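This report concerns only the one structure given below.
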Amino acid sequence: MNVILLGPPGSGKGTQARRLAAALGLVQLSTGDMLRARVAAGDEIGRQAKAIMDRGQLVPDDIIIRMIALRMAEFDCRNGVVLDGFPRTVAQARALDRMFEERGLRLDRVVVIEVDEAALVERIAGRFSCATCGAGYHESFNRPRTDGVCDACGGTRFIRRDDDRRETVRARLGAYRNETAPIIPYYQDKGLLRRIDGMAPIEGVARQIAAAIGPAPAEAARPAGRVG
Ligand code: AP5
């Protein structure tokens, strides 16, 4: 099973991708996490990407496509992947088609997580993650079971992302509208797209995703004012 989770910043792609990967034994491929690892390592890609990410813009397609193609070629990805944050442009979507084709694999489903814009900003502003294992939390909606202790690994140090400042979040939403949303019709035309209500609590969103990647339900109508 190969699945793309698509949605604006803060819609819950990372939260749901981690759950889905664990539930179905898939590899989670997050280009955002990969880039942040490169930034932390201080390598060439990390140095190029840092300033772009801090401005809330998209890293150039050639860098991203090369990075994901190398990872997709690794053996574990043959068992299935959940892509979180990739593709983000039509050029990336086309490159992904070629990667699947070359390996004799196919994309099964693209799930768009739709969330009201005001909620996105609140979710991003309250987000933090474990510095040790990367597990994601939220000050109001998703706190660790014991304050100050990571549920997943017991770590006690937490971090916030540099690009979660309010001005940068606005730029990231703009990049989503202008460059990423146009890939929705690309997948709609292929009959792979399902839209889900990302305003539900985390468990409810997970149930909708499970239903969307199972036997194909009809595509739901999008409520007015939703971003996705
Ligand atoms: P990336 O890391 O992909 O960031 P993003 O797309 O902006 O998405 P986020 O990670 O902010 O949000 P999310 O949807 O994963 O939400 P989360 O689960 O954390 O990319 C960062 C940057 O890297 C980009 O700006 C770009 O520069 C670059 N980049 C990455 N990929 C690229 C590509 N392919 N091409 C070019 N450039 C690329 O949830 C958010 C918060 O809400 C959490 O606190 C969570 O606990 C909470 N939450 C989640 N679900 C719910 C819910 N249902 N109800 C209440 N709270 C919830």
Side-chain angles (χ1 to χ4, degrees), residues 4-21 28-39 45-46 48-69 71 82-93 95-96 111-116 118-130 134-144 151 158-165 167-181 183 196-209 227-228:
I4 295 174
L5 296 187
L6 192 60
S11 56
K13 301 182 296 294
T15 303
Q16 298 296 337
R18 272 188 293 277
R19 294 176 69 114
L20 197 61
Q28 180 196 358
L29 295 181
S30 158
T31 40
D33 287 349
M34 288 178 193
L35 288 168
R36 282 183 287 279
R38 299 296 192 109
V39 171
I45 289 183
Q48 287 179 41
K50 168 85 174 126
I52 301 171
M53 293 169 78
D54 285 351
R55 287 196 299 270
Q57 296 169 344
L58 295 188
V59 174
D61 285 338
D62 59 331
I63 294 179
I64 296 289
I65 290 167
R66 220 174 327 126
M67 189 176 75
I68 202 95
R71 183 64 185 90
V82 50
L83 290 153
D84 144 25
F86 178 89
R88 257 177 154 98
T89 62
V90 173
Q92 292 181 16
L96 180 64
V111 179
V112 184
I113 307 176
E114 296 181 334
V115 177
D116 296 340
L120 295 174
V121 177
E122 192 189 356
R123 285 187 190 181
I124 291 174
R127 168 169 56 191
F128 61 97
S129 62
C130 172
Y137 297 98
H138 190 279
E139 284 165 1
S140 314
F141 309 129
N142 184 24
R143 298 185 66 85
D151 295 346
F158 294 87
I159 47 173
R160 289 181 187 264
R161 276 169 46 176
D162 288 346
D163 61 348
D164 279 353
R165 293 186 313 274
E167 325 77 77
T168 316
V169 171
R170 272 195 288 273
R172 285 162 57 197
L173 281 168
Y176 179 80
R177 273 191 223 100
N178 298 331
E179 296 175 78
T180 304
I183 69 178
I196 61 143
D197 176 12
M199 291 298 289
I202 291 171
E203 288 295 334
V205 174
R207 278 194 296 273
Q208 291 180 67
I209 293 175
V227 182

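Bear in mind that the values here come from a model prediction, so they are computed numbers and not experimental data. Counting starts at 1 for both ligands and their atoms, following the listed order.
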Where the side chain of [X] meets the backbone of [Y], is there a donor-acceptor pair that is under 3.5 Å apart?
{"X": "Gln28", "Y": "Arg19", "value": "no"}
{"X": "Arg143", "Y": "Tyr137", "value": "no"}
{"X": "Gln92", "Y": "Arg88", "value": "yes"}
{"X": "Lys50", "Y": "Val39", "value": "no"}

Can you tell me which residue and heavy atom of the protein come closest to [atom], and the distance to 0.1 Å?
{"atom": "atom 46 (O) of ligand 1", "answer": "Asn142 ND2, 3.3 Å"}
{"atom": "atom 43 (C) of ligand 1", "answer": "Tyr137 O, 3.9 Å"}
{"atom": "atom 23 (O) of ligand 1", "answer": "Met53 CE, 3.4 Å"}
{"atom": "atom 27 (O) of ligand 1", "answer": "Gln57 O, 2.6 Å"}
{"atom": "atom 35 (N) of ligand 1", "answer": "Gln92 NE2, 3.0 Å"}
{"atom": "atom 11 (O) of ligand 1", "answer": "Arg172 NH2, 2.6 Å"}
{"atom": "atom 9 (P) of ligand 1", "answer": "Arg127 NH1, 3.2 Å"}
{"atom": "atom 56 (N) of ligand 1", "answer": "Phe141 CD1, 3.3 Å"}

Pick whichever of [options] has a heavy atom sitting closest to [atom].
{"atom": "atom 52 (C) of ligand 1", "options": "Arg123, His138, Glu179", "answer": "Arg123"}
{"atom": "atom 49 (C) of ligand 1", "options": "Val59, Thr168, Asp164, Thr15", "answer": "Thr15"}
{"atom": "atom 20 (O) of ligand 1", "options": "Met199, Arg88, Glu203", "answer": "Arg88"}
{"atom": "atom 13 (P) of ligand 1", "options": "Lys50, Lys13, Arg19", "answer": "Lys13"}
{"atom": "atom 29 (N) of ligand 1", "options": "Thr31, Leu35, Leu5", "answer": "Leu35"}
{"atom": "atom 15 (O) of ligand 1", "options": "Gly14, Gly56, Ala91", "answer": "Gly14"}

Check whether any heavy atom of [X] sits under 4.0 Å from an atom of ligand 1.
{"X": "Gly126", "answer": "no"}
{"X": "Pro201", "answer": "yes"}
{"X": "Ala200", "answer": "yes"}
{"X": "Arg36", "answer": "yes"}
{"X": "Arg161", "answer": "yes"}

Starting at [atom1] of [X], measure out to [atom2] of [Y] and round the result to the nearest 0.5 Å.
{"X": "Ser11", "Y": "Leu120", "atom1": "OG", "atom2": "CG", "value": "6.5 Å"}
{"X": "Arg160", "Y": "Glu139", "atom1": "CZ", "atom2": "CD", "value": "4.5 Å"}
{"X": "Arg161", "Y": "Ser129", "atom1": "CZ", "atom2": "OG", "value": "8.5 Å"}
{"X": "Arg71", "Y": "Thr31", "atom1": "CZ", "atom2": "OG1", "value": "13.0 Å"}
{"X": "Ile202", "Y": "His138", "atom1": "CD1", "atom2": "NE2", "value": "9.0 Å"}

Taking the side chain as every heavy atom from C-beta outward, state whether [X] and [Y] have any atom pair closer than 4.5 Å.
{"X": "Leu29", "Y": "Met34", "result": "yes"}
{"X": "Leu96", "Y": "Leu83", "result": "yes"}
{"X": "Asp164", "Y": "Arg172", "result": "yes"}
{"X": "Pro87", "Y": "Ile68", "result": "no"}

- Item | Residues Asp84, Arg18: salt bridge by 4.0 Å N-O rule | no
- Charged N to carboxylate O below 4.0 Å: is that the case for Asp116 and Arg123? no
Is any N or O atom of [X], backbone or side chain, closer than 3.5 Å to an N or O atom of ligand 1?
{"X": "Ile124", "value": "no"}
{"X": "Gly10", "value": "yes"}
{"X": "Gly85", "value": "yes"}
{"X": "Ser11", "value": "yes"}

Please state which part of [X] comes within less than 4.0 Å of ligand 1, counting heavy atoms only: side chain, backbone, both or neither.
{"X": "Pro8", "result": "backbone"}
{"X": "Thr89", "result": "neither"}
{"X": "Leu58", "result": "both"}

- Note on the structure: All heavy atoms of Met53 vs all of Thr168, minimum pair found to be O-CG2, 4.0 Å
- Val205 heavy atoms within 4.0 Å reach ligand 1 at atoms 53 (N)
